[in-house]
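To keep things clear, I will list the structure first and then write my remarks on it.
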Number of protein chains: 2
Amino acid sequence: MNQVLRALNDPSRRRMLELLREKDLTAGELAAHFEMSKPSVSHHLDLLRQAELVVSVKKGQFVYYSINTSVLEDLMFWLVTLKKN
Amino acid sequence: MNQVLRALNDPSRRRMLELLREKDLTAGELAAHFEMSKPSVSHHLDLLRQAELVVSVKKGQFVYYSINTSVLEDLMFWLVTLKKN
DNA sequence: TAAACAATTAGGCAATTATCTAAATATCTA
DNA sequence: TAGATATTTAGATAATTGCCTAATTGTTTA
């Protein structure tokens, strides 16, 4: 949960997840949505991958990123528990 | 949501919320659960208060902290949305 | 096979964060 | 009212984060 929260603690990375919710994208396609440099995008994607919030697959010279929401479950459970009395 | 995620992105602060889930506590009672100095605890509580995850009320020389989970709702909604589709 | 393209890695820098000790503020009580 | 207690504020420092440019790696194609 630590790494998940760390990854979520940045607006750009949250936006990346929203974009990947729509469909899988390459690193370059993702980068096109942001003002920052490609290496910076790559760095953010690395943090998302460390948290296992995304999975990447290389196809030729492209790297496709997909969202993986299963790791959100612990966090959601924790949040719900916090709300219960 | 930004400030909430920032506040949640720290194990000590999450532990503080878990403790406050059980019952309201003073700054000193909270501090007793941690190894760090009281000013550091005070600083963490300030971040939680900025995120409105806690509310504080002064009673005499004590400051009582209570949890406020209502600000978690936006985050929870966002997480659920991310999982849909 | 050389040039172009996609992406990551490396290294550096500024801003932010977490922590500490010392000092200040506010309240209680002998 | 003086001293003790509870808490926060101030100021310093080390670690982390986010960003950049330059360099590297891997793949495609003319």
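Here is how names work: the chains are called A, B, and so on, in the same order as the sequence lines, proteins then strands, and each is numbered from 1. Please read these numbers as outputs of a predicted model, since none were measured by experiment.
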Report the distance from atom CZ of Arg13(A) to atom C1' of dG18(D), rounded to the nearest whole Å.
-> 9 Å
Does Ser37(B) put a side-chain nitrogen or oxygen below 4.0 Å from OP1 or OP2 of dT19(C)?
-> no
Would you confirm whether Asn68(B), through its side chain, and Glu52(B), through its main-chain N or O, come within 3.5 Å as a donor-acceptor pair?
-> yes
Whole-Å gap separating P (dT17(C)) and CG (Asn2(B)) | 10 Å
Assign Ser12(A) to base, sugar-phosphate, or nothing according to its heavy-atom contacts below 4.0 angstrom with the strands shown.
-> nothing
Give the rounded distance in Å between these two atoms: NE2 of His43(A) and C1' of dT17(D).
-> 7 Å
Residues two or more places apart in sequence or in another chain: which of them pass side-chain contact (heavy atoms from CB on, under 4.5 Å) with Gln50(A)?
-> Gln3(A), Arg6(A), Asp46(A), Leu47(A)
Counting only N and O atoms by type, is there a donor-acceptor contact under 3.5 Å from the side chain of Thr26(B) to the main-chain atoms of Glu29(B)?
-> yes
Phosphate OP1/OP2 of dA6(D) contacted by Thr26(B) side-chain N/O (<4.0 Å) | no
From dG18(D), dT7(D), dT9(C), nucleotide with atom closest to Pro39(A) side chain = dT9(C)
What integer distance in Å separates Asp10(B):CG from dT19(C):P?
-> 6 Å
Under 4.0 Å between any heavy atoms, over every strand shown, what does Leu45(B) touch: base, sugar-phosphate, or nothing? Just pick one.
-> nothing
Spell out yes or no: do the side chain of Gln61(B) and the base of dT5(D) have one donor N/O and one acceptor N/O closer than 3.5 Å?
-> yes
Measure from the side chain of Lys58(A), starting at C-beta and using heavy atoms only, and say which of dT27(D), dG18(D), dA7(C) lies closest.
-> dT27(D)
Has the side chain of Ser42(A) got a donor or acceptor atom that lies under 3.5 Å from a matching backbone atom of Lys38(A)?
-> no
d(CZ, Arg14(B); P, dA18(C)) in whole Å = 11 Å
Which nucleotide in the list dC19(D), dT7(D), dT9(C) gets nearest to the side chain of Ser42(A)?
-> dT9(C)
Considering just the side-chain nitrogens and oxygens of Tyr65(A), establish if one lies under 4.0 Å of OP1 or OP2 belonging to dA6(C).
-> no
Should we count CD of Glu35(B) as having more than 12 external heavy atoms under 6.0 Å?
-> no
Distance in angstrom units between Leu30(B) CG and dT8(D) C1', rounded = 15 Å
Whichever of Phe62(A) and Lys38(B) has the more 5' nearest nucleotide on DNA chain D, that residue is Lys38(B)
Which nucleotide in dG18(D), dC19(D), dT8(D) has an atom nearest any side-chain atom of Arg49(B) | dT8(D)
Among dC20(D), dA18(C), dT8(D), which is the nearest nucleotide to the side chain of Met36(A)?
-> dC20(D)
Mind checking Asp46(B) for me? I need base, sugar-phosphate or nothing, with any heavy atom below 4.0 Å counting as a touch.
-> nothing
Between dT7(D), dT8(C), dT21(C), which nucleotide has the shortest distance from any of its atoms to the side chain of Ala27(B)?
-> dT7(D)
Residue-phosphate contact under 4.0 Å: His44(A) side-chain N/O, dC19(D) OP1/OP2 = yes
Atom CD of Glu35(A) and atom C1' of dT21(D): how far apart are they, to the nearest Å?
-> 18 Å
For the pair Arg21(B) and Glu18(B), find out whether any cationic side-chain nitrogen is under 4.0 Å from an anionic carboxylate oxygen.
-> no
According to a strict under-4.0 Å criterion, is Arg6(B) in side-chain N/O contact with OP1 or OP2 of dT17(C)?
-> yes
Separation of Gln50(A) atom CD from dT8(C) atom C1', in whole Å?
-> 14 Å
